[in-house]
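Since the structure comes first, as structure tokens, the remarks are kept for the end.
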Amino acid sequence: MADALHVLVDRTDISQTRIDQTPMLEPAMGEVLVRVNRVALTSNNVTYAVVADRIPYFEFFPAPPGWGRVPVWGFGDVIISHAPHVEPQERLYGFWPMSTHVTLRPERVTERTFFDGFEHRRTLPAAYNSYSRVARDETYDEYDEPRIALFRPLFLTALVLDIFLAEENHFGATQIVVSSASSKTASILAQRLTQRDNMRAIGVTSPANVAFVESLDLFDQVLTPDRIEDVPQVPTIYVDFSGSGPLRESLRRHLATNLAYDCAVGVADWKAQHAPSDWQGVAPEVFFAPAQYIRMLEAHGTPTFWKTYVDAWQAFRAVSRDWYQIIELNGVEALEDTYRRFARGEVSPAKGMIIRP
């Protein structure tokens, strides 16, 4: 068999990469070899690399010392199967390395899903270890694969965040400030917020992205970071997709006791992080979507939550079709280059990047 190719990221400088080549081995009994076929790259993948010292994103797919394999979401095809009930040619959706091929060990196999059972993944968040068998997935559409690859994981994050905030009665707030408002997860959340009565949404984005965010017509107000003082003084939730310390500090100082909840979700602006100084009031809380997803499955039951997800996903697809320009590229070199461009902040938020490694 031909060699497998892998994009590796320098763990000391996540903007630096290299391409490795390893022998592609026959899978052992109980394992399958998957050809990674179509994956999405967004700023969310850069977040995985940034927070890998706190959340073990580099542990899903082992790499040489000092290097990491950044996970991506999308589709793959089983090319060799030595696992019961999983057939060659089967198409899967799930969590992949930035590689051409990967070996999985299917366990807990059902008609819809299975989990990767490799020992090193057993202690990692379960939501990332589940693979969807698209033949039994009612949200799957062969002709809409690029949009599914691009939006599905981001949509799930926005959905469970929206449900969580509603469960908490929005902490008594009447407006939500969303940083990195040009990000796709922020746009999805804003689309959900348009369906909430008496909840005002303010997007904060860089001057270069203001026109794009305004064109989506999802936020009641769009501000740049230097205009934080224009945020109205009413009880407010801050949803932080940027990870920018200076932006958080400016907003906290401006709102003071009007900050009802400070929610840290993403790290899009990874170079602007710094430690808090003398913040007062509510402490920032990390929102870890996979844990919330599992909690909601347990609280509401899988069938109930899945119906909520399917209905919400179909509604989102109907309104968002023209929001982004989908661009498809081929090859591992394109995968490496696109990742590096995201790490440098060079990809337009109006584009959706899909790669076939």
Side chains of Thr47 and Asn44: any donor to acceptor distance under 3.5 Å? no

Under a 3.5 Å distance rule, please check whether Trp73 uses its side chain to pair with a backbone N or O of Arg152 as donor and acceptor. no

salt_bridge(Asp20, Arg69) N-O dist < 4.0 Å: no

Side-chain H-bond candidate by donor/acceptor type, Glu336 with Thr17, under 3.5 Å: yes

Result of checking Met98, Lys351, Met353 against Thr338 for side chain to side chain contact (heavy atoms under 4.5 Å, CB included): Met353

Between Asp240 and Ser242, does the side chain to side chain donor-acceptor pair (under 3.5 Å) criterion hold? Intermediate values first, please. CA-CA 6 Å; Asp240 181 23; Ser242 75; 2.9 Å; yes

Face-on cation placement of Arg18 at Trp67 ring, 6.0 Å and 45° thresholds: yes

Paired with Trp323, the side chain to side chain contact (heavy atoms under 4.5 Å, CB included) test is passed by just one of Gln191, Arg147, Lys184, namely Gln191

For the residue pair Tyr309 and Trp313, categorise the inter-ring angle as parallel (less than 30°), tilted (30 to 60°) or perpendicular (more than 60°). parallel

Are more than 12 heavy atoms from other residues, nucleotides or ligands located less than 6.0 Å from atom CG of Asp311? yes

Look at the side chain of Tyr131 and the backbone N and O of Phe95, then say whether any donor-acceptor pair between them is shorter than 3.5 Å. yes

Does a sphere of radius 6.0 Å around CZ in Arg108 hold more than 12 heavy atoms from other residues, nucleotides or ligands, not counting ones at 6.0 Å or beyond? no

Side-chain polar contacts of residues 284-295 - donor-acceptor pairs under 3.5 angstrom, sequence neighbours left out - could you list them?
from	atom 1	to	atom 2	distance (Å)
Glu285	OE1	Tyr261	OH	3.4
Gln292	OE1	Arg295	NE	2.9
Gln292	OE1	Arg295	NH2	3.0
Arg295	NH2	Glu167	OE1	2.8

Side-chain (Arg112) to main-chain (Asp137) donor-acceptor, under 3.5 angstrom: no

Ring pair (Phe, Tyr, Trp, His ring centres under 6.0 Å) against Tyr140, all qualifying residues, sequence neighbours excluded: Phe75

Could you walk me through whether Arg91 and Asn37 pass side chain to side chain donor-acceptor pair (under 3.5 Å), step by step? CA-CA 9 Å; Arg91 196 155 182 81; Asn37 184 274; 2.8 Å; yes

So which heavy atom on Pro357 is nearest to which on Val36, and how close? CD-O, 3.9 Å

Within the 3.5 Å criterion, strictly below it, is a donor on Asn330 or Arg356 matched to an acceptor on the partner's side chain? no

